[in-house]
There are 2 protein chains.
Amino acid sequence: MAPAERTRSTGRDRLRDSVLAGDLSFLLARANARALAAANTALAPHGLKARSYSVLALAADEVRPTQRELAEFLHLDPSQVVALIDGLEQRHLVERHADPADRRANVLVATEAGRALFARAQDAVRAVGLDSLASMTPRDHERLAHLLRLLAFPD
Amino acid sequence: MAPAERTRSTGRDRLRDSVLAGDLSFLLARANARALAAANTALAPHGLKARSYSVLALAADEVRPTQRELAEFLHLDPSQVVALIDGLEQRHLVERHADPADRRANVLVATEAGRALFARAQDAVRAVGLDSLASMTPRDHERLAHLLRLLAFPD
DNA sequence: ACGAACCGTTGAGAATGTCAATTATTCAGG
DNA sequence: CCTGAATAATTGACATTCTCAACGGTTCGT
């Protein structure tokens, strides 16, 4: 049996048939790293990163999230949420509103400018997102979203 | 139509039907964050983190990766690979071998102790990994791995 | 033999993650 | 009503990680 004949080709991608490459957590990490890098370059012209984009997205939604809810949802420390919102608020993209139900809490809402910027940023993200997902059928895309939801939100 | 009746339940998880929650990149990020946290706590007793575990895994394999190959494969800066290997080498888990084909390059191989530790760490990772994936059929598990591979390695 | 490109390494500075302490507010129980 | 425990946001300190530029040693094309 000829040894090491299959994937020697260029010298790159040689590690792709290691045991690690079959690990789901590793695939998750690498797929995420790629998506994150793509999103960040797409968002850079708008002065956003993946984090601030996520916060803006939730602010632009009608959900009126609390900072603590943002922290849990985005897997961030509350102090990071403070810094993130500070940055967006200084640019007049979001506002902290006092929560009428709990005066300790702030509720985050997007300004008109914030919603406008989010719409543009969302288009930019979608444009590059399709680059990586173009070879995937809508059916598979939906399947992947479903399976990832199981991992992301284990009830 | 009754407003906001569906997912108000506990107050937690209230953001789950925002537009962001439907975004594939976000699901990827959150699923990865969860898997990473689980892996890190499982690896902590063995003195490893996800990063060092990955490096050790590739060293324990028969692939004899170059540091540059490690950097590209793990989406890391070459300088980070240096620090990672330094840590593992000081614990006599891996060794840098001169690449006979290219004297500039180092090839990474695991020591006997390194392979033994990796085996134990792998068991620990698998044990907690199943916690999140127990509700998934082997069929779906394979499907997910296949779809993630498309994103992780876009040829 | 020469210069360009490449591998590993080092170091610096920015960005991010983690954690404890503080203030203001809510909530449960006496 | 009052008191103490718990919670929301904030601040600050510290560790870890990311990003980048520079450098010596090596390979490769010409």
Side-chain angles (χ1 to χ4, degrees), chain A residues 10-12 14-15 29-30 32-34 36-37 39-41 43-44 47-55 59 64-90 94-109, chain B residues 10-12 14-15 29-30 32-34 36-37 39-41 43-44 47-55 59 64-90 94-109:
Chain A
T10 62
R12 295 180 66 234
R14 200 171 51 80
L15 309 180
R30 199 178 144 110
N32 179 55
R34 286 189 53 84
L36 195 63
N40 275 334
T41 64
L43 289 170
L48 293 174
K49 298 185 183 179
R51 287 284 161 78
S52 40
Y53 172 79
S54 300
V55 172
R64 301 178 66 86
T66 280
Q67 293 186 211
R68 180 150 297 268
E69 289 176 318
L70 286 173
E72 290 182 8
F73 198 61
L74 302 175
H75 266 104
L76 294 175
D77 191 84
S79 61
Q80 293 180 274
V81 176
V82 170
L84 236 21
I85 296 181
D86 282 350
L88 293 173
E89 199 171 33
Q90 281 167 18
V94 301
E95 288 172 351
R96 286 182 238 239
H97 287 188
D99 185 348
D102 185 343
R103 273 190 301 170
R104 293 172 299 182
N106 293 331
V107 143
L108 196 69
V109 299
Chain B
T10 62
R12 295 178 65 232
R14 198 170 54 80
L15 309 181
R30 199 177 145 111
N32 178 55
R34 286 190 54 83
L36 195 64
N40 275 333
T41 65
L43 288 170
L48 293 174
K49 298 184 184 180
R51 287 284 162 77
S52 40
Y53 172 78
S54 299
V55 172
R64 303 178 66 85
T66 279
Q67 294 186 208
R68 179 148 297 268
E69 290 177 317
L70 286 172
E72 288 181 9
F73 199 60
L74 301 175
H75 266 102
L76 294 174
D77 191 84
S79 60
Q80 294 179 273
V81 175
V82 171
L84 237 21
I85 296 181
D86 283 349
L88 293 173
E89 198 171 32
Q90 282 166 17
V94 302
E95 287 171 352
R96 286 182 237 239
H97 287 189
D99 186 347
D102 186 343
R103 273 191 300 172
R104 291 171 301 181
N106 293 332
V107 143
L108 196 67
V109 298

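Within every chain, numbering begins at 1; the chains are lettered A, B, ... in the order of the sequence lines, protein sequences first and strands thereafter.
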Which whole-number value in Å describes the distance from [X] [atom1] to [N] [atom2]?
X	N	atom1	atom2	answer
B/Leu84	C/dT9	CG	C1'	15 Å
B/Asp86	D/dT17	CG	P	14 Å
B/Gln80	D/dC20	CD	P	11 Å
B/Leu76	C/dG8	CG	C1'	15 Å
B/Glu72	C/dG8	CD	P	10 Å

- Note: for A/His75 and B/Arg96 on DNA chain C, the residue whose nearest nucleotide lies more 5' is B/Arg96

Between [X] and [Y] (side chain of the first, backbone of the second, donor and acceptor by atom type, cut-off under 3.5 Å), is there such a pair?
X	Y	result
B/Glu89	B/Arg96	yes
A/Arg30	B/His75	no
B/Arg103	B/Ala98	no
B/Arg64	B/Asp99	no

Any side-chain N or O of [X] below 4.0 angstrom from OP1/OP2 of [N]?
X	N	value
A/Arg51	C/dG17	yes
A/Lys49	C/dT16	yes
A/Arg68	D/dT10	no

Find every protein N or O atom lying less than 3.5 Å from an N or O atom of nucleotides 19-23 of chain C, and list the pairs.
from: C/dC19; atom 1: N4; to: A/Asp77; atom 2: OD2; distance (Å): 3.4
from: C/dC19; atom 1: N4; to: A/Ser79; atom 2: OG; distance (Å): 3.1

- Run the numbers on A/Leu108 and A/Gln67 for side-chain contact (heavy atoms from CB on, under 4.5 Å), then give the verdict. CA-CA 7 Å; A/Leu108 196 69; A/Gln67 293 186 211; 5.9 Å; no

- Task: Give the angle between the helix axes at the two ends of the helix from C/dA1-D/dT30 to C/dG30-D/dC1, taking five base pairs at each end and rounding to 10°.
- Result: 30°

- Item | Close approaches to DNA chain D from residues 97-105 of chain A, in residue order (heavy atom, under 4.0 Å) | A/Arg104, A/Ala105

- Task: Compare every heavy atom of B/Asn40 with every heavy atom of B/Ala50, then report the nearest pair and how far apart it is.
- Result: N-OD1, 2.9 Å

